[in-house]
**Student:** 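The following block contains the structure, expressed as structure tokens.
Letters A, B, ... are given to chains in the order of the sequence lines, protein chains preceding strands, and every chain is numbered from 1. Below, each value reflects all heavy atoms present in this structure, side chains not excepted, and no hydrogens, waters or symmetry copies. What you see is a predicted model, and the numbers here were worked out from it, not measured in a lab.
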Number of protein chains: 2
Amino acid sequence: MTALKIGELAARLDVPAETIRYYEREGLLPQAQRTAGNYRLYDSALIERLTFIRNCRALDMTLNEIRALLVLRDGPDEECGGVNQLLDQHIKHVAERIAELQRLEHQLQLLRSRCSRSATMGHCAILNGLSAGDASIPAMTPSRPGL
Amino acid sequence: MTALKIGELAARLDVPAETIRYYEREGLLPQAQRTAGNYRLYDSALIERLTFIRNCRALDMTLNEIRALLVLRDGPDEECGGVNQLLDQHIKHVAERIAELQRLEHQLQLLRSRCSRSATMGHCAILNGLSAGDASIPAMTPSRPGL
DNA sequence: CAACACCTTGTAGTAGGTTTAAGGTCAAGC
DNA sequence: GCTTGACCTTAAACCTACTACAAGGTGTTG
């Protein structure tokens, strides 16, 4: 049961130390125990919790989603139902964002192709296209922070 | 040449008035003319410029990218070269982000499938998976703000 | 006991806005 | 002429998920 200082934990899990403190401030991690010199100490339970958080972040979940998962995780009975629901929702978000970006990519390529077609013209067809008020450029739904 | 007040412009282009003021503060729009009562007034040149900005935002360009495009647009000779370059770069960003999200979606579906497979187990295989320190979950490259 | 790496807290900055507070302006109705 | 209400003004705080900095305390090594 070797407890780690924040820098050691940071190095082991490849998380900046400031980010670990930030998670504590945000309540994702509990207040860490302290040494006599007021240094934070992390035992294996905390290390696992941070690993969990970082895995979730690597899956692009928001801190709020992670918070919800942690509550389920901390609960006496680990409810698969809630976990599944949250995960399904997140998968849906990601799929939607992909579809949106693919539409976007298509529009960008259309726009890009204008210029090669009009190389002989006196002024840039791309800039003209972007100045137009028509519906050639679809309104994007604002993206969630983080996606 | 009917100049619009900010609220009218906001309604016509479906941009919140606060966002228009924000673009002015950020230097994307010039300081608007004012009425005697200090209300901003927008003529057709400004309306077109805002349309341009919003079209670019709808294509998920950052304000800095838009700033660069506006400089090219404002320049005496409209350089297609710079415009093309910027657009190609942006298309590349979008394509990369799509690829990244697709990898992500795959990982999420893998994780999700764990739970249906382990419905009879006493504890949730998804939560266990997320607590693991192994390489089953790939590190994501941090995403650009806005993408 | 000095140097240096590491830790502490607190504050501010990032992108692209959104929201709120406190107040000024203008047209219409009475 | 005065009030109501819609609209406008500025400035500042808030959002996500960090990151960076400053000023100072701690701990180890020479």
**Student:** Counting side-chain heavy atoms from CB outward, which of D/dT9, C/dC26, C/dT8 is closest to B/Arg21?
**Tutor:**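 That would be D/dT9.
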
**Student:** Which residue, B/Ala36 or B/Asn64, contacts DNA chain C at a nucleotide closer to its 5' end, judged by nearest heavy atom?
**Tutor:**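 The answer here is B/Asn64.
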
**Student:** Testing B/Glu24, B/Gln31, B/Gln33 for side chain to side chain donor-acceptor pair (under 3.5 Å) with B/Arg40, which one passes?
**Tutor:**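 Testing B/Arg40 for a side chain to side chain donor-acceptor pair (under 3.5 Å) against B/Glu24, B/Gln31, B/Gln33 leaves exactly one candidate, B/Glu24.
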
**Student:** How about A/Glu26: does its CD atom have over 12 heavy atoms from other parts shown lying under 6.0 Å from it?
**Tutor:**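 Buried by this count: over 12 neighbours within 6.0 Å.
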
**Student:** Between C/dT18, C/dT8, D/dA17, spot the one nearest the side chain of B/Pro16, thanks.
**Tutor:**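 For B/Pro16, the side-chain atoms sit closest to C/dT18.
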
**Student:** On DNA chain C, compare the nucleotides closest to B/Glu18 and B/Lys5; which residue's is nearer the 5' end?
**Tutor:**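 Taking each residue's closest nucleotide, the earlier one in sequence belongs to B/Glu18.
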
**Student:** Please report the distance, rounded to the nearest Å, between CG in A/Leu4 and P in C/dC7.
**Tutor:**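 Answer to the nearest Å: 11 Å.
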
**Student:** Whole Å only: how far is the OH atom of B/Tyr42 from the P atom of D/dC7?
**Tutor:**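 Going from B/Tyr42 (OH) to D/dC7 (P), I get 16 Å.
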
**Student:** Has B/Arg40 got a side-chain N or O lying under 4.0 Å from the OP1 or OP2 atom of D/dT10?
**Tutor:**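 So the side-chain polar atoms of B/Arg40 do come within 4.0 Å of the phosphate oxygens OP1 or OP2 of D/dT10, strictly under.
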
**Student:** Is the base of C/dT8 touched by the side chain of A/Tyr39 through a donor-acceptor pair closer than 3.5 angstrom?
**Tutor:**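 Donor-acceptor pair under 3.5 Å: no.
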
**Student:** Can you tell me the distance, in whole Å, between the CD1 atom of B/Ile20 and the P atom of D/dC7?
**Tutor:**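 About 14 Å, once rounded to whole Å.
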
**Student:** Between A/Tyr42 and A/Tyr22, is there a shared hydrophobic cluster once you connect ILVMFWY residues whose side-chain heavy atoms come closer than 4.5 Å?
**Tutor:**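 Looking at the clustering, A/Tyr22 is in the same group as A/Tyr42.
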
**Student:** Rounded to whole angstroms, how far apart are CZ on B/Arg67 and C1' on C/dG17?
**Tutor:**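 After rounding, the reported distance stands at 13 Å.
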
**Student:** Report yes if a side-chain nitrogen or oxygen of A/Thr19 is closer than 4.0 Å to either non-bridging phosphate oxygen (OP1 or OP2) of D/dT19; otherwise report no.
**Tutor:**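 For D/dT19, OP1 or OP2 has a side-chain N or O of A/Thr19 closer than 4.0 Å.
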
**Student:** Tell me the interatomic distance from A/Glu24, atom CD, to C/dT9, atom P, rounded to whole angstroms.
**Tutor:**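 Result: 8 Å.
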
**Student:** Linking I/L/V/M/F/W/Y whenever their side-chain heavy atoms sit closer than 4.5 Å, directly or via other members, would A/Phe52 and A/Leu4 fall into one cluster?
**Tutor:**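 Both belong to a single hydrophobic cluster.
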
**Student:** What is the distance, to the nearest angstrom, from the CG atom on A/Leu41 to the P atom on D/dT26?
**Tutor:**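 In whole Å, D/dT26 P and A/Leu41 CG are 15 Å from each other.
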
**Student:** For the pair made of CG in A/Asp14 and C1' in D/dT19, what is the distance, rounded to whole Å?
**Tutor:**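 Value for this atom pair: 15 Å.
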
**Student:** Just to confirm, is there a sub-4.0 Å distance from OP1 or OP2 of C/dT11 to any side-chain nitrogen or oxygen of A/Arg25?
**Tutor:**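 Result: no.
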
**Student:** Is A/Arg57 close enough to D/dT16 that one of its side-chain N or O atoms is under 4.0 Å from OP1 or OP2 there?
**Tutor:**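 For D/dT16, neither OP1 nor OP2 has a side-chain N or O of A/Arg57 closer than 4.0 Å.
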
**Student:** Measure from the side-chain heavy atoms of A/Tyr22 and tell me the nearest of D/dT10, C/dT8, D/dA17.
**Tutor:**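 Nucleotide nearest to A/Tyr22's side chain: D/dA17.
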
**Student:** So, is A/Arg34 near the phosphate of D/dT26, with a side-chain N or O under 4.0 Å from OP1 or OP2?
**Tutor:**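 No, A/Arg34 has no side-chain N/O under 4.0 Å of OP1/OP2 on D/dT26.
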
**Student:** Under 4.0 Å: is that the gap between some side-chain N or O of B/Tyr23 and OP1 or OP2 of C/dG17?
**Tutor:**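 Checking C/dG17 against B/Tyr23, a side-chain N or O does come within under 4.0 Å of OP1 or OP2.
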
**Student:** Is it true that B/Arg97 and A/Asp60 make a salt bridge, defined as a side-chain N closer than 4.0 Å to a carboxylate O?
**Tutor:**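 The answer is yes: the pair qualifies as a salt bridge.
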
**Student:** Rounded to whole Å, please give me the gap between CD in B/Glu26 and C1' in C/dG13.
**Tutor:**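 These atoms are roughly 13 Å apart.
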
